[in-house]
A.B. asks: 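Sharing a structure, written as structure tokens. Questions coming.
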Amino acid sequence: MSHAATEAKCPSFNQLPDTLPNTNGIDTSLNFTAEEVEALRRLAHEVAALAEQPIQAQRKKWWTEHNDLVSDRPVVFCDPEFGWNEIIPQDVLVCHDPLARVWEMHLRKEIFWGTKMMDDRVIENYFNVPHHYTDSQWGLQEIRVGGEDGGAYTWEVALKDYDEDFPKLRTPVIEVDEEMSARTLGLAQDIFGGILRVRRSTPWWHALAGTSDYIRLRDMDNFLMDFYDYPEYVHKVMKFMSDGWLAKIDFLEKNGYLWANHEGTYVGSGGFGWTTQLPQDGFDPNHVRAMDMWGFVESQETVGVSPDMFEEFIYQYQEPVMARFGLNCYGCCEPLDSRWHVLKNAPRLRRLSISAWADQEFMAEALGDRYVFSRKPSPTPLSFPKVNHDEIRADVRKTLDITRPHNCRVEFIMKDNHTLGNNPQNAIDWCRIAKEEIDRIWG
């Protein structure tokens with residue numbers, strides 16, 4: 001019961017930083033060559049050595065105190081996303097099997113984080129392997145046009161006529177291929193056993209209860225006009241999808257497919273899950289409940305919708321999903337200041353995205369020391385061949401100057417990069433400058 005199936009026809013190298021894609025769409029025999037196995041083991045040994053460094057324990061402590069709201073020292077994380085293709089070009093990879101290349105890229109990224117990027121990401125001695133599964137989607141499917149190699153795309157809508165097409169919607173169903181899942185896990189254990197701790201961890205979703213699924217079925221222009229032309233159907237679709245998201249959670253929880261994300265898992269639209277406030281009492285690591293986890297909800301596409309309409313048409317269908325989780329993150333690129341009067345009542349809300357378009361002054365005063373102020377600086381300065389160091393420093397310092405009087409729990413999250421100007425040093429320099437500005441105050 002999900003809309004989260006992998007759509008890629010080839011390996012994706014831009015997954016969340018602590019996860020690997022499932023094997024759907026990856027043409028692999030799971031029979032790696034001796035040379036591929038040796039290359040993966042060599043990289044795994046490097047990751048394991050990084051995980052043993054004392055700084056990793058310090059970083060865990062910083063993230064935990066940050067998420068527990070007991071420390072005002074900011075933390076820093078950079079995920080260059082599509083910029084990884086410039087940091088680690090595909091011609092650097094030595095593996096040939098598509099899945100082996102995904103695993104190799106994952107390990108090389110860990111090494112770059114630990115030796116070059118030098119942000120506050122914790123390098124752990126785990127190798128997480130997701131389930132192999134299929135997803136039935138919502139019963140209707142858009143037809144994409146374009147989008148190759150991460151480029152822009154448009155699509156032909158599937159939900160053309162509400163009266164005719166709404167009855168065709170179906171609650172998504174997940175089917176897990178246990179045999180393929182076990183084979184993939186076993187292969188990872190054979191390769192990495194004794195070097196890294198192989199474990200099952202499946203990212204069944206990035207965000208839940210958002211509006212992107214709806215818009216893929218309907219398109220952006222139609223969706224926005226529907227608030228006026230077909231308000232009753234907007235309610236019907238949002239209710240249908242809300243029920244579908246809840247059914248997804250029920251299915252994954254009942255069948256023991258959920259994963260604990262209260263430690264080094266990437267959560268929300270930035271940051272990591274380290275906290276002492278999860279899981280809940282009665283936690284069973286073999287049967288994780290949603291209430292033991294961080295949840296994540298956003299609605300970037302409704303940035304132009306009034307706060308009242310957002311509350312009526314969107315948020316009321318998101319709130320039941322958020323209520324299932326022990327702690328919640330909200331937001332991504334959308335500024336949240338105009339919606340704060342709605343969101344402040346969200347159940348167990350902890351992390352708020354403060355995007356490049358947000359009113360930092362308003363949000364700093366609103367959040368204080370009661371929430372995580374997840375600052376997302378604009379990635380644009382990193383897209384040039386050489387970054388302007390003074391511009392980066394001034395931007396970080398501005399956020400610190402705004403938030404310090406309010407004791408905010410700040411994290412700096414650099415993401416959404418489409419390019420680093422073909423200069424990986426840009427990401428390194430951003431991390432260095434951000435940490436220098438933090439050390440200038442906290443030492």
A.B. asks: When you measure from the side chain of His287 to the backbone N and O of Glu253, does any donor-acceptor pair fall under 3.5 Å?
C.D. replies: yes
A.B. asks: Quick one: pull up CG in Leu252 and OG1 in Thr202 and give me the separation to the nearest 0.5 Å.
C.D. replies: 9.0 Å
A.B. asks: Looking only at heavy atoms, which two atoms of Gln90 and Arg101 are closest? And how far apart?
C.D. replies: O-NH2, 3.2 Å
A.B. asks: If you measure from CD on Glu232 to OH on Tyr230, what distance do you get to the nearest 0.5 Å?
C.D. replies: 9.0 Å
A.B. asks: Check for a donor-acceptor pair, side chain of Asp359 on one end and backbone N or O of Phe362 on the other, with a separation under 3.5 Å.
C.D. replies: yes
A.B. asks: Give a yes or no answer on whether the side chain of Asn328 reaches the backbone of Pro347 with a donor-acceptor pair at less than 3.5 Å.
C.D. replies: yes
A.B. asks: What pairs of residues pass the ring-ring contact (aromatic ring centres under 6.0 Å, His included) test when at least one of them lies in residues 381-400, not counting sequence neighbours?
C.D. replies: none
A.B. asks: Can you name the closest pair of heavy atoms from Leu217 and Val157 and give their distance?
C.D. replies: O-CB, 3.4 Å
A.B. asks: Check whether Tyr233 forms a cation-pi arrangement with Lys236 (NZ or CZ under 6.0 Å from the six-membered ring centre, at most 45° off the ring normal).
C.D. replies: yes
A.B. asks: In sequence, state the C-alpha distance, the side-chain angles, and the governing distance for His106 and Lys109, and then conclude on side chain to side chain contact (heavy atoms under 4.5 Å, CB included).
C.D. replies: CA-CA 5 Å; His106 172 78; Lys109 287 164 68 174; 5.7 Å; no
A.B. asks: Is it possible for you to check whether Arg404 lies under 6.0 Å from the centre of the six-membered ring of Trp442, through NZ or CZ, and within 45° of that ring's axis?
C.D. replies: yes
A.B. asks: Give a yes or no on whether a salt bridge exists between Arg289 and Asp292, defined as a side-chain N under 4.0 angstrom from a carboxylate O.
C.D. replies: yes
A.B. asks: Is it the case that the side chain of Ser181 and the backbone of His132 share a donor-acceptor pair, with hydrogens and angles ignored and the cut-off at 3.5 Å?
C.D. replies: yes
A.B. asks: Does the salt bridge (Lys or Arg N to Asp or Glu O under 4.0 Å) test come out yes or no for Arg121 and Glu110, once each step is laid out?
C.D. replies: CA-CA 9 Å; Arg121 169 163 168 72; Glu110 292 289 295; 2.3 Å; yes
A.B. asks: Please check if the side chain of Gln300 supplies one atom and the backbone of Glu298 the other of a donor-acceptor pair under 3.5 Å.
C.D. replies: no
A.B. asks: Evaluate whether atom NZ of Lys160 has more than 12 neighbouring non-hydrogen atoms of other residues, nucleotides or ligands under 6.0 angstrom away.
C.D. replies: yes
A.B. asks: Distance from Glu319 atom CD to Leu349 atom CG, nearest 0.5 Å?
C.D. replies: 11.0 Å
A.B. asks: With no hydrogens and no angle check, just 3.5 Å: does a side-chain donor-acceptor pair link Asn426 and Asn423?
C.D. replies: yes
A.B. asks: Once ring-ring contact (aromatic ring centres under 6.0 Å, His included) is applied, what residue pairs with a partner in residues 311-348 remain, sequence neighbours excluded?
C.D. replies: Trp205-Phe325, Phe227-Phe313, His235-Phe313, His235-Tyr317, Trp340-Tyr371
A.B. asks: Determine whether a donor-acceptor pair (N or O, by modelled atom type, separation under 3.5 Å) exists between the side chain of Asn417 and the backbone of Thr419.
C.D. replies: no
A.B. asks: What I want to check is whether the side chains of Thr403 and Gln360 have a donor and an acceptor closer together than 3.5 Å.
C.D. replies: no
A.B. asks: Taking Asp401 first and then Arg397, would you say they form a salt bridge - that is, a charged N and a carboxylate O separated by under 4.0 Å?
C.D. replies: no
A.B. asks: Counting only N and O atoms by type, is there a donor-acceptor contact under 3.5 Å from the side chain of Asp337 to the main-chain atoms of Ala358?
C.D. replies: no
A.B. asks: Would Arg216 count as a cation-pi partner of Trp155, with NZ or CZ less than 6.0 Å from the six-membered ring centre and within 45° of the ring normal?
C.D. replies: no
A.B. asks: Classify the angle between the aromatic ring planes of Trp113 and Phe77 as parallel (below 30°), tilted (30 to 60°) or perpendicular (above 60°).
C.D. replies: parallel
A.B. asks: Cation-pi between Arg199 and Tyr126: NZ/CZ under 6.0 Å from ring centre and within 45° of the ring axis?
C.D. replies: yes
A.B. asks: Regarding Glu436 and Arg440, does a basic nitrogen lie under 4.0 Å from an acidic carboxylate oxygen?
C.D. replies: no
A.B. asks: Any Lys/Arg nitrogen of Asp165 or Lys168 sitting under 4.0 Å from an Asp/Glu carboxylate oxygen of the other?
C.D. replies: yes
A.B. asks: Determine, for Tyr153 and Arg144, whether the Lys NZ or Arg CZ falls below 6.0 Å from the six-membered ring centre while staying within 45 degrees of the axis.
C.D. replies: yes
A.B. asks: If you measure from the Lys or Arg side-chain nitrogens to the Asp or Glu carboxylate oxygens, is any gap between Glu65 and Arg73 under 4.0 Å?
C.D. replies: no
A.B. asks: Please evaluate residues Tyr228 and Asp226 with respect to the criterion side chain to side chain contact (heavy atoms under 4.5 Å, CB included), reporting the C-alpha separation (whole Å), side-chain torsions for both, the decisive distance (0.1 Å), and the verdict.
C.D. replies: CA-CA 5 Å; Tyr228 294 95; Asp226 289 347; over 6 Å; no
A.B. asks: To the nearest 0.5 Å, what is the distance between OG1 on Thr134 and CE on Met180?
C.D. replies: 12.5 Å
A.B. asks: Quick check for you: to the nearest 0.5 Å, what is the distance between Asn261 atom CG and Phe296 atom CZ?
C.D. replies: 12.5 Å
A.B. asks: Between Glu104 and Arg108, is there a side-chain N and carboxylate O pair less than 4.0 Å apart?
C.D. replies: yes
A.B. asks: For a side-chain hydrogen bond (donor to acceptor under 3.5 Å, both in side chains) with Asn67, tell me which candidate from Arg350, Gln277, Arg351, His262 qualifies.
C.D. replies: Arg351
A.B. asks: Are Thr211 and Thr302 linked by a side-chain donor-acceptor pair shorter than 3.5 Å?
C.D. replies: no
A.B. asks: Give a yes or no answer on whether the side chain of Asp68 reaches the backbone of Thr276 with a donor-acceptor pair at less than 3.5 Å.
C.D. replies: yes
A.B. asks: Per the ring-ring contact (aromatic ring centres under 6.0 Å, His included) rule, what does the pair list look like for residues 398-422, sequence neighbours excluded?
C.D. replies: Phe82-His418
A.B. asks: Any side-chain to backbone donor/acceptor pair from Arg375 onto Ile413? Under 3.5 Å, distance only.
C.D. replies: no
A.B. asks: Could Arg170 and Trp138 be counted as a cation-pi pair, given that NZ or CZ must be under 6.0 Å from the ring centre and within 45° of the axis?
C.D. replies: no
A.B. asks: Does the distance from a Lys or Arg side-chain N to an Asp or Glu carboxylate O, for Asp120 and Lys435, drop under 4.0 Å?
C.D. replies: yes
A.B. asks: Keeping Lys248 on the side-chain end and Leu208 on the backbone end, is there a donor-acceptor pair under 3.5 Å?
C.D. replies: no
A.B. asks: Under the criterion ring pair (Phe, Tyr, Trp, His ring centres under 6.0 Å), I'd like the reasoning laid out for Trp274 against His66: C-alpha separation, chi angles, the key distance, then a yes or no.
C.D. replies: CA-CA 9 Å; Trp274 301 101; His66 169 70; over 10 Å; no
A.B. asks: Search all heavy atoms of Ile402 against all heavy atoms of Ala364 and return the closest pair with its distance.
C.D. replies: CG2-CB, 3.8 Å
A.B. asks: Would you check if there is a donor-acceptor pair between the side chains of Lys376 and Ser353 at a distance under 3.5 Å?
C.D. replies: yes
A.B. asks: To the nearest 0.5 Å, tell me how far Lys415 NZ sits from Ser269 OG.
C.D. replies: 5.5 Å
A.B. asks: Can you see which heavy atom on Trp63 is nearest to which on Val76, and at what distance?
C.D. replies: CZ2-O, 4.3 Å
A.B. asks: When you measure from the centre of the six-membered ring of Tyr162, is the NZ or CZ of Arg218 under 6.0 Å away and within 45° of the axis?
C.D. replies: yes
